[in-house]
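Shown next, in structure tokens, is the structure this report addresses.
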Amino acid sequence: MQQRVQKTEREINRDLLRPNLTLQLRFFVVVGVCATIVAMAGGALAYAIIKGVGVYGVNRPVMWGFIIVNFVFWVGISHAGVMLSAILRLAQAEWRRPATRAAEVLTMFALGTAALHPVLHTGRQWRTLYWVFPYDFGRGIWPDIRSPFVWDPSAIFTYLSGTIMFVFILLVPDIAVLRDRTTGIMHKVYTVAALGWRGNSKQWQLQLLAGILLSALILPVFVSVHSIVSWDFAVAIAVEGWHATIFAPYFVIGAVHSGVASVITFLAILRWVFRWEDYIRPTHFDALARLMVIVATGWFYFLVIDFGMGFYTGEPGEIAVRYAQMGEWPGNMLFIIFITTGYFLPIPLWLLKNVRQSPMLMFWSSLFVNIGMWLERYILIIPSLERKQSLTFTWGHYAPSPIEVMLVIGSFALVTLGLVTFCKFFPIIPMYDVKEGKVLEQVIRIGKINVPAVFREE
Amino acid sequence: MTNKSLLGVFQEVDEAVAAADSLKEKGIDDFEVLSSTPYPEGVFGEKPSHHKLYVFPFIGALLGFSVAILITAGTQMAYPLVTGGKPLLALPSMFIICYEGTMLGAILFTIIGVVFESRLPRLGKLEPYDTKITEGYIGIGVTVPEDDVDKISNLFKEANATDVHVEAT
């Protein structure tokens, strides 16, 4: 904690608003590349809509393919964002300050992208409205609330709406700073978005209270969303490998594992691109890595229980699924990559202080985690469906079609596009939070060194 | 007699606190402090503010729960169709959707509460205001009768105000 640089409010504004107030060529390059990929994915989707879902690689018995794997992945990524922000806010952890908004915004775009996937998967997308929303009063067609496919949209809708409102309301004071520093059309836009914020005592009091209240309200939603996603699988009694009571906590902690890793990746990129070494410091990566060691080990425990109990049953169907996941090509190869990148490579690295405090090593190790966690979802979904189940008369294998691959690539481009655009128009590090940290911080001398000390209101 | 709004802009916290103390000595304790940083409550000796934000999530939760009950029970009763051998009003399923509806209502109304209690949105000209506030300066705003404008302006200047703005209320 010794490497802090004291900055004035004017310097904080200058540093953190630089991406918003200056035009940079690299922004247009990244947006151009991402928009092109998204457009190509849009073309793939249009082809799927015209031709039907037969252009996907899914077929009996594997009716859930790459798109559902990717759906679970993005829901997982979306989870740690607000979870991290909410828990750190409630715990009043000082090191949260530069990380919270990046985490929340990552949640927003990852969840928005995830929500598209079931619609991409189903085909005849216009009919999705019938299945999810109770709107067809004329014909009396209502959603079947007993289906997990209605639980899922209700949970995701709540989480997405809550996250967008959470991000916006906590962004208002920083938008006011932008309002005061822009001219022309952008000034008008920021003036409307700032809602007339002046920063009086009552507004600040409510703003801080909103952070705490909304954190407390969003945390239970966060837990519910991935629990409900897990029940998409767990309530399917006929599929070996899925019908497990531990799926809800297993999915939630897996989501936290991949989500916190993605926040680390995002913060490392922000630090590097915007040269925010004074704001996103090695101590922040150190704290996140310590958190990750605990989360990853908790997740690994659930993984071992899931597989271990699967084997312990000795049921032929269950054993066959586990064999497909771990012993048969390509499952065995994917399993080794998954378990290595998801756990056995990063965890020993994160036990080393030099690695924890190195943004570059943290970037790569967190990226590896998400490669592993994507494969985890593949291993969980595909082999279970490939095996013959009771009342299923065919075995089959799944190979993704180019259309599905394009849609998956497009989803990564879409999230990147969202994040880059957000960073261009809004401060991605909450300025007032950083300034508050500065107000509450004093440097005190203990023995021969000066150390930062922080006092806190009740 | 008409009132005027005055805003003294101060570079340092201590200067703003001194100005606030001087206002209190003159019997003016109803002043407003503007800043771009959430200072701990009471730093400037301002009056504590009251709000009813805590009520909003409860109202929202109640409304959200009611709407969710309507969606889950109401729609199934409107077109009774048994699927999967489950009861028409399947409580575990209803619980999930009602839970989400309740939380959504609570979150939505918390946001409405914050906006309402902060007296936002205010889309016209911000009065009194100075863009230096978002550079780290502290603003002390007060509304006084027109006759007292010079007296309060001088008070702000004596406390080392960098600017004093006077606006009609």
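These figures come from a predicted structure and were not determined experimentally. Lettering follows sequence order; numbering is per chain, from 1.
Taking the six-membered ring where the residue is Trp, B:Phe156 and B:Phe10 present perpendicular rings, their angle passing 60° and hence far from 30°.
In this structure, chain B has heavy atoms under 4.5 Å from both the backbone and the side chain of A:Gln203. Heavy atoms closer than 4.5 Å to chain A are found in the backbone of B:Leu81, but not in its side chain. Only the side chain of A:Ile228 has a heavy atom closer than 4.5 Å to any heavy atom of chain B. Looking at A:Arg14, neither its backbone nor its side chain comes within 4.5 Å of chain B, counting heavy atoms on both sides. The parts of B:Thr72 that come within reach of chain A are both its backbone and its side chain, each placing non-hydrogen atoms under 4.5 angstrom from that chain. For A:Pro148, no part lies near chain B; criterion is any non-hydrogen pair under 4.5 Å.
Of the residues considered (A:Thr191, A:Asp144, A:Val172, A:Asn200), A:Asn200 shows the highest number of contacts with chain B, using heavy-atom pairs under 4.5 Å. The candidate with the highest count of non-hydrogen atom pairs below 4.5 Å against chain A, out of B:Gln76, B:Glu117, B:His50, B:Arg119, is B:Gln76. The choice from A:Ile169, A:Ile218, A:Val434 that makes the most heavy-atom pairs within less than 4.5 Å of chain B is A:Ile169. The most heavy-atom pairs under 4.5 Å with chain B, out of A:Arg146, A:Glu9, A:Met165, A:Lys202, come from A:Arg146. If you tally non-hydrogen atom pairs under 4.5 Å between each of B:Ala78, B:Pro121, B:Gly74, B:Ser93 and chain A, the highest count goes to B:Ser93. Between chain A and the residues B:Ile133, B:Leu88, B:Val43, B:Val115, the most heavy-atom pairs under 4.5 angstrom are made by B:Leu88. Between chain A and the residues B:Gly113, B:Pro87, B:Ala61, the most heavy-atom pairs under 4.5 angstrom are made by B:Pro87. Of the listed residues A:Gly162, A:Ala210, A:Ser224, A:Ser161, the one with more heavy-atom pairs under 4.5 angstrom with chain B than any other is A:Ser224.
Donor-acceptor pairing under 3.5 Å is recorded for the side chains of A:Glu104 and A:Ser85. For the 3.5 Å distance criterion, the side chains of A:Lys435 and A:Asn13 qualify, holding a donor opposite an acceptor. Side-chain atoms of B:Tyr129 and A:Asp180 include a donor-acceptor pair closer than 3.5 Å.
Remark: A:Phe168 CZ is packed, more than 12 non-hydrogen atoms of other residues, nucleotides or ligands lying under 6.0 Å away. Around the CZ atom of A:Phe149, the shell of radius 6.0 Å holds more than 12 heavy atoms that belong to other residues, nucleotides or ligands. Residue A:Arg10 qualifies as open at atom CZ: its count of foreign heavy atoms under 6.0 Å is 12 or below.
Side-chain contact check for A:Val221 versus A:Val223: every heavy-atom pair is 4.5 Å or farther apart. Within the 4.5 Å cutoff, side-chain heavy atoms of A:Arg89 are placed close to those of A:Arg96. You'll find the side chain of A:Trp204 reaches within 4.5 Å of the side chain of A:Trp197, heavy atoms only. By the 4.5 Å heavy-atom criterion applied to side chains, B:Ile138 and B:Tyr39 are counted as neighbours. Using a 4.5 Å cut-off on side-chain heavy atoms (C-beta onward), A:Met108 and A:Phe166 make no contact. Within the 4.5 Å cutoff, no side-chain heavy atoms of A:Asp174 are placed close to those of A:Leu16.
Near-neighbour residues of residues 96-106 of chain B relative to chain A, defined by a heavy atom under 4.5 Å from a heavy atom of that chain, comprise B:Ile96, B:Ile97, B:Tyr99, B:Glu100, B:Met103, B:Leu104, B:Ala106. Using non-hydrogen atoms only and a strict 4.5 Å limit, the part of residues 17-37 of chain B facing chain A consists of B:Glu32, B:Val33, B:Leu34, B:Ser35, B:Ser36, B:Thr37.
Centroid-to-centroid, the aromatic rings of A:Phe251 and A:Trp231 stay 6.0 Å apart or farther.
Smallest separation of non-hydrogen atoms from B:Glu46 and A:Ser201: OE2-OG, 3.4 Å.
Note that the CD1 atom of A:Ile12 and the NZ atom of A:Lys438 stand 5.5 Å from one another [nearest 0.5 Å].
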